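Owing to the predicted nature of the structure, the values given are computational and were not obtained by experimental measurement.
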Amino acid sequence: RIRENIRIARHQRFEVSANGLIAAYIHTGAKVGVLVEVGAEKEATVATEDFKQLVKDITLQIAAASPVAVSREQVDPAIVAKEREIAGTSDLVKNKPPQAVAKIIEGKLEKYFQTACLVDQGFVKRNSEITVREHVAAVAKQLGDQITIRRFIRFQVGESFGG
């Protein structure tokens with residue numbers, strides 16, 4: 001017995017589906033942890049060092065950049081609607097013609113996706129010169145395979161969930 005008040009807010013279990021690899025990463029200081037599943041079409045690809053390094057780099061990206069989803073399609077529509085509403089009520093759109101308002105809102109949504117979606121984020125190990133999607137595509141081309149980031153979960157000490 002350690003006589004500490006410990007409460008587990010959430011947990012997750014990943015199992016590999018088809019050809020793929022699940023990697024875990026705990027950031028220095030043990031305040032952030034990441035689980036990610038990355039898949040490949042060829043079984044041989046998963047055993048290569050380049051693939052393993054890619055998966056490790058993706059875990060580092062998730063820990064550093066805190067994405068919400070893998071891609072735009074996976075972002076909760078309610079969140080997208082809320083971001084659209086916030087952009088629509090901002091001072092930038094006041095007294096603007098409707099065509100300009102639509103473009104401003106789309107621009108704001110695009111900026112949101114670039115920060116919230118893993119594959120649209122600037123790749124941190126390359127000083128954001130390329131996106132995560134472009135890096136994954138380059139490694140896939142080098143390995144002659146199709147590589148997909150299937151899912152991830154990011155844990156942070158002290159985070160709370162109202163459920």
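- Between N19 and E41 there is no side-chain heavy-atom pair separated by less than 4.5 Å.
- Residue V46 is grouped with residue I149 when hydrophobic side chains (ILVMFWY) are merged at heavy-atom distances under 4.5 angstrom, including chains of intermediate members.
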- prompt: Given the rule in the side-chain contact (heavy atoms from CB on, under 4.5 Å) test, do V36 and R151 qualify, once you have shown the distances and angles that lead to the verdict?
  reply: CA-CA 6 Å; V36 66; R151 58 190 167 150; over 6 Å; no
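- R150 approaches G20 most closely through the heavy-atom pair NH1-CA, 4.1 Å.
- I22 and V55 fall into different hydrophobic clusters, where Ile, Leu, Val, Met, Phe, Trp and Tyr are joined by side-chain heavy atoms under 4.5 Å apart, directly or via other members.
- Heavy atoms of other residues, nucleotides or ligands lying less than 6.0 angstrom from CG of D76 number more than 12.
- A donor-acceptor contact under 3.5 angstrom links the side chains of D50 and Q142, judged on distance only.
- By the 4.5 Å heavy-atom criterion applied to side chains, V75 and C117 are counted as neighbours.
- Residues I79 and Y112 form a side-chain contact, since some pair of their non-hydrogen atoms from C-beta on lies under 4.5 Å apart.
- The CD1 atom of I86 sits 4.5 Å away from the CD atom of E83 when rounded to the nearest 0.5 Å.
- Distance CD1/I105 to NZ/K103: 13.0 Å, rounded to 0.5 Å.
- S90 is linked by a side chain to side chain donor-acceptor pair (under 3.5 Å) to nothing, counting only residues two or more places apart in sequence or in another chain.
- Using modelled atom types, one side-chain atom of K42 and one backbone atom of G144 make a donor-acceptor pair closer than 3.5 Å.
- Residue pairs meeting the ring pair (Phe, Tyr, Trp, His ring centres under 6.0 Å) criterion with at least one member in residues 39-72, sequence neighbours excluded, do not occur.
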> What's the verdict on salt bridge (Lys or Arg N to Asp or Glu O under 4.0 Å) for E15 and R13, showing C-alpha distance, side-chain angles and the deciding distance?
Replying inline: CA-CA 7 Å; E15 289 187 27; R13 179 186 168 113; 3.1 Å; yes
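- In terms of heavy atoms, I147 sits closest to A140 at CD1-CA, 3.7 Å.
- Under the side chain to side chain donor-acceptor pair (under 3.5 Å) criterion, R72 pairs with E110, D120, not counting sequence neighbours.
- Not counting sequence neighbours, T115 has no partner by the side chain to side chain donor-acceptor pair (under 3.5 Å) test.
- In this structure, the separation between CD1 on I153 and CD on Q12 is 4.5 Å, given to the nearest 0.5 Å.
- By the neighbour-count criterion of 12 heavy atoms within 6.0 Å, atom CD of E43 is sparsely surrounded, having that number or fewer from other residues, nucleotides or ligands.
- The shortest non-hydrogen separation linking V80 to L109 is O-CD2, 4.0 Å.
- For F123, the ring-ring contact (aromatic ring centres under 6.0 Å, His included) test picks out H135, with sequence neighbours left out.
- Rounding to the nearest 0.5 Å places CD of Q53 at 10.5 Å from CD1 of I58.
- Interatomic distance, CG of D57 versus OH of Y25, reported as 11.0 Å (0.5 Å rounding).
- Residues K52 and L21 come closest through the heavy atom pair CG-CD2, 4.1 Å.
- Using a 4.5 Å cut-off on side-chain heavy atoms (C-beta onward), I62 and L118 make contact.
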(Q) For a side-chain contact (heavy atoms from CB on, under 4.5 Å) check, start with the C-alpha distance between L35 and F152, then their side-chain angles and the critical distance, and finish with the verdict. (A) CA-CA 6 Å; L35 278 175; F152 72 87; over 6 Å; no
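- V124 and V139 are assigned to two separate hydrophobic clusters, defined by single-linkage of ILVMFWY side chains at heavy-atom distances under 4.5 Å.
- The distance from atom CG of L143 to atom CD of E49, rounded to the nearest 0.5 Å, is 11.0 Å.
- A donor-acceptor contact shorter than 3.5 Å is absent between the side chain of D145 and the backbone of T45.
- The nearest pair of heavy atoms linking V119 to T131 is O-CB, 3.7 Å.
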- Verdict with supporting geometry, V34 and F155, side-chain contact (heavy atoms from CB on, under 4.5 Å): CA-CA 6 Å; V34 172; F155 296 99; over 6 Å; no
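- D91 pairs by the side chain to side chain donor-acceptor pair (under 3.5 Å) definition with K94, not counting sequence neighbours.
- Using a 3.5 Å distance cut-off with no hydrogens or angles, the side chains of Q61 and Q121 do pair a donor with an acceptor.
- Formation of a donor-acceptor pair under 3.5 Å by the R154 side chain with backbone atoms of A63 is found in this model.
- The hydrophobic cluster containing V68 does not contain V70, counting ILVMFWY residues as joined when their side-chain heavy atoms lie under 4.5 angstrom apart, directly or transitively.
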- request: Applying side-chain contact (heavy atoms from CB on, under 4.5 Å), run through K108 and K111 and close with a yes or a no.
  value: CA-CA 5 Å; K108 291 281 190 184; K111 193 74 168 163; 5.6 Å; no
